[in-house]
Asker: 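Following this message is one structure expressed as structure tokens.
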Amino acid sequence: MPEGHTLHRIARLHHQRFSGGAVRVSSPQGRFTEGAALVDGQVLERAEAYGKHLLHHYACGLTVHVHLGLYGTFSEVELPMGAVVGQVRMRMLGAATEFGTDLRGPTACEVLMPPEVDALTARLGADPLRADADHERAGARIRRSRRAIGALLMDQSLIAGVGNVYRAEVLFRQGISPFHPGTAITPAEWDALWADLVELMPIGVTTGRMHVVRPEHDIGAPSYNKDRPRTYVYRRAGEPCRVCATPIAHQVMEARNLFWCPTCQPR
């Protein structure tokens, strides 16, 4: 599932290309036909992301909400776009731009009224990529919980936008076991975790890639997969730790794969 930096990157691109002008919106697949008709021809005021959610805000007061889920993708195409290929849930063309975009396979693609947008954002936690994030409130909630910090970092009602990769990597970078309960996380540890997310995630927005390995450790073992970033622990089960050479451990935590170094992140 795309993590928050991907949605912020898409939001930035869509805001640059489509905001300030009328856009043509359709649903070639047919599953978003009614929603598309409501915003077709309307002026897109701005595009923004909150965690893993993309929001297109229109001057008419309506908002198109997209959650990519596991399989959703946007394809950015120069005009003319040509014939539709595959199951395109939403096609958007800018009247004042040379680009269009096709959305395929999202978990959610819907039109929301302002109160529904407010309800959506109210149930999301602090987003490290947003200037309005309240990380102290998030930290206070984490320190009241006995759930493992490895699970809490993935709870979108606490921290919006963090996924499996950033979860595993920031815990390693801070030397914190993913099994520590929230109640064991000190304010200083939480501040350091948050600061690391605030430092790392904007790099993903700018470059489109996660860069989490410090230069002094960025040698030796290759990435876990071709064209993927090098990581400390994520998807490196059984491989030697880049810092201490201990085999990276793996297990499932709350239905998600978890990776950590038993030596650098002692329980």
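From a predicted model like this one, the values you see are computed outputs, not experimental measurements. We number each residue from 1, following the sequence as shown.
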Asker: Determine whether Arg147 and Glu254 satisfy the following criterion, salt bridge (Lys or Arg N to Asp or Glu O under 4.0 Å), listing intermediate values before the conclusion.
Answerer: CA-CA 10 Å; Arg147 289 173 68 198; Glu254 296 193 5; 2.8 Å; yes
Asker: Look at the aromatic rings of Trp194 and Trp190 and report parallel, tilted or perpendicular, splitting at 30° and 60°.
Answerer: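 If you compare the ring of Trp194 with that of Trp190, the planes turn out tilted.
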Asker: Quick check: does any side chain N or O of Ser19 sit under 3.5 Å from a backbone N or O of Gln16, one acting as donor and the other as acceptor?
Answerer: no
Asker: Can you tell me how far OG of Ser157 sits from CZ of Arg141, rounded to the nearest 0.5 angstrom?
Answerer: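 Taking CZ in Arg141 and OG in Ser157, the distance rounds to 5.0 Å.
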Asker: Any donor-acceptor pair under 3.5 Å linking the side chain of Asp102 with the backbone of Arg91?
Answerer: no
Asker: I'd like to know if the side chain of Asn164 reaches the main chain of Asn257, judged simply by a donor and an acceptor atom lying under 3.5 Å from each other, with no hydrogens or angles considered.
Answerer: yes
Asker: Is it possible for you to check whether Arg242 lies under 6.0 Å from the centre of the six-membered ring of Tyr232, through NZ or CZ, and within 45° of that ring's axis?
Answerer: no
Asker: Can you measure from CG (Leu103) to CE (Met90) and round to the nearest 0.5 angstrom?
Answerer: 5.0 Å
Asker: Determine whether the side chains of His65 and Glu110 contain a donor N or O and an acceptor N or O closer than 3.5 Å.
Answerer: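 The criterion, which ignores hydrogens and geometry beyond distance, is satisfied for Glu110 and His65.
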Asker: Within the structure provided, determine whether Met210 and Glu3 are in side-chain contact (heavy-atom separation under 4.5 Å).
Answerer: yes
Asker: What are the two closest heavy atoms between Cys264 and Cys244, and how far apart are they?
Answerer: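 Heavy atoms of Cys264 and Cys244 come nearest at SG-SG, 3.7 Å.
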Asker: Only one of Leu171, Val212, Val165, Ile248 passes side chain to side chain contact (heavy atoms under 4.5 Å, CB included) with Val233; say which it is.
Answerer: Ile248
Asker: Does the side chain of Leu54 reach to within under 4.5 Å of the side chain of His14, using non-hydrogen atoms?
Answerer: yes
Asker: Check whether Phe74 and Tyr58 end up in the same hydrophobic cluster, where Ile, Leu, Val, Met, Phe, Trp and Tyr are linked by side-chain heavy atoms less than 4.5 Å apart.
Answerer: yes
Asker: Take Gln87 and Arg31, measure what side chain to side chain contact (heavy atoms under 4.5 Å, CB included) needs, and give me the verdict at the end.
Answerer: CA-CA 10 Å; Gln87 297 296 306; Arg31 294 182 59 185; over 6 Å; no
Asker: In terms of hydrophobic clusters joined by side-chain contacts under 4.5 Å, are Ile203 and Val162 together?
Answerer: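 No: no chain of side-chain contacts under 4.5 Å links Ile203 to Val162.
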Asker: Counting the benzene-type ring for Trp, do Phe18 and His56 have ring centres under 6.0 Å apart?
Answerer: no
Asker: Establish, from distance only, whether the side-chain atoms of His15 and Glu48 form a donor-acceptor pair under 3.5 Å.
Answerer: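 Note: His15 and Glu48 side chains miss the donor-acceptor criterion.
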Asker: When you measure from the side chain of Ser27 to the backbone of Phe32, do you find a donor-acceptor pair of N or O atoms at a distance under 3.5 Å?
Answerer: yes
Asker: Just do the side chain to side chain contact (heavy atoms under 4.5 Å, CB included) check on Leu68 and Ile10 with the steps written out, would you?
Answerer: CA-CA 11 Å; Leu68 293 179; Ile10 293 170; 4.2 Å; yes
Asker: Working to the nearest 0.5 Å, report the span between CD of Gln265 and OG of Ser177.
Answerer: 6.5 Å
Asker: Heavy-atom count check: over 12 atoms from other residues, nucleotides or ligands less than 6.0 Å from Met113 CE?
Answerer: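 Atom CE in Met113 is not packed in, count stays at 12 or less.
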Asker: Would you mind reporting whether Val205 and Leu129 have side-chain heavy atoms less than 4.5 Å apart?
Answerer: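 They are in contact (side-chain heavy atoms under 4.5 Å apart), so the answer is yes.
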Asker: Between Glu76 and Thr101, is there a side-chain donor-acceptor contact under 3.5 Å, judged purely by atom types and distance?
Answerer: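 Yes.
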Asker: Quick one: do Ile142 and Tyr166 end up in the same hydrophobic cluster if we chain Ile, Leu, Val, Met, Phe, Trp and Tyr together by side-chain heavy atoms under 4.5 Å apart?
Answerer: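 Result: yes, single cluster for both.
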Asker: Taking C-beta and beyond as the side chain, do His67 and Met1 meet within less than 4.5 Å on heavy atoms?
Answerer: yes
Asker: How far apart are the closest heavy atoms of Met154 and Gly150, and which atoms are they?
Answerer: CG-O, 3.6 Å
Asker: State, without any angle test, whether Ser75 and Arg104 hold a side-chain donor-acceptor pair at a distance under 3.5 Å.
Answerer: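 Side-chain D/A pair, Ser75 to Arg104: present.
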Asker: Is there a side-chain contact between Leu93 and Val23 in this structure, where contact means two heavy atoms from C-beta onward sitting under 4.5 Å apart?
Answerer: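 Answer no - side chains too far apart.
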Asker: Rounded to the nearest 0.5 Å, how far does NE2 of His8 lie from OG1 of Thr206?
Answerer: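 That separation rounds to 12.0 Å.
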Asker: Hydrophobic clustering (ILVMFWY, side-chain heavy atoms < 4.5 Å, transitive) - are Leu258 and Val170 grouped together?
Answerer: no
Asker: Testing the basics here: between Gly20 and Val43, what is the closest heavy-atom pair and its distance to 0.1 Å?
Answerer: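 Smallest interatomic distance, heavy atoms only, reads C-CG1, 3.9 Å.
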Asker: Among Glu169, Gln251, Arg235, whose side chain to side chain contact (heavy atoms under 4.5 Å, CB included) with Phe259 holds?
Answerer: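 Only one option passes, and that is Arg235.
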Asker: Do Val64 and Val88 sit in the same hydrophobic cluster, where Ile, Leu, Val, Met, Phe, Trp and Tyr count as joined when their side-chain heavy atoms come under 4.5 Å apart?
Answerer: no
Asker: Identify the two heavy atoms, one from His211 and one from Leu200, that lie closest to each other, and give their separation to 0.1 Å.
Answerer: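 Smallest heavy-atom distance, with atoms named: O-CD2, 3.3 Å.
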Asker: What is the minimum heavy-atom distance between Leu7 and His53, and which atoms define it?
Answerer: CG-N, 4.2 Å
Asker: How many angstroms lie between CD1 in Ile159 and CG in Asp127, if you round to the nearest 0.5 Å?
Answerer: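 Answer for the CD1-CG pair, Ile159 versus Asp127, is 9.5 Å.
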Asker: Would you say the side chain of Leu120 lies within less than 4.5 Å of the side chain of Leu55, judging by non-hydrogen atoms?
Answerer: yes
Asker: Does Leu13 reach the side chain of Phe99, with side-chain heavy atoms less than 4.5 Å apart?
Answerer: no
Asker: Does Arg130 use its side chain to pair, donor to acceptor, with the backbone of Ala49 at less than 3.5 Å?
Answerer: yes
Asker: Under the side chain to side chain contact (heavy atoms under 4.5 Å, CB included) criterion, do Leu62 and Gln42 qualify, and how do the steps go?
Answerer: CA-CA 10 Å; Leu62 298 177; Gln42 299 293 327; over 6 Å; no
Asker: Out of curiosity, Gln156 CD to Leu124 CG, how far, rounded to the nearest 0.5 Å?
Answerer: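 Reported value, rounded in 0.5 Å steps: 7.5 Å.
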Asker: Regarding Arg267 and the six-membered ring of Phe179, is the cationic atom NZ or CZ under 6.0 Å from the ring centre and inside 45° of its axis?
Answerer: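 Yes, a cation-pi geometry.
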Asker: Nearest heavy-atom pair of Arg144 and Thr183: which atoms, and what distance?
Answerer: C-CG2, 4.1 Å
Asker: Around atom CZ of Arg214, are there more than 12 heavy atoms from other residues, nucleotides or ligands closer than 6.0 Å?
Answerer: yes
Asker: Can you confirm whether Asp218 sits close enough to Glu216 that some side-chain heavy atom of one is under 4.5 Å from a side-chain heavy atom of the other?
Answerer: no
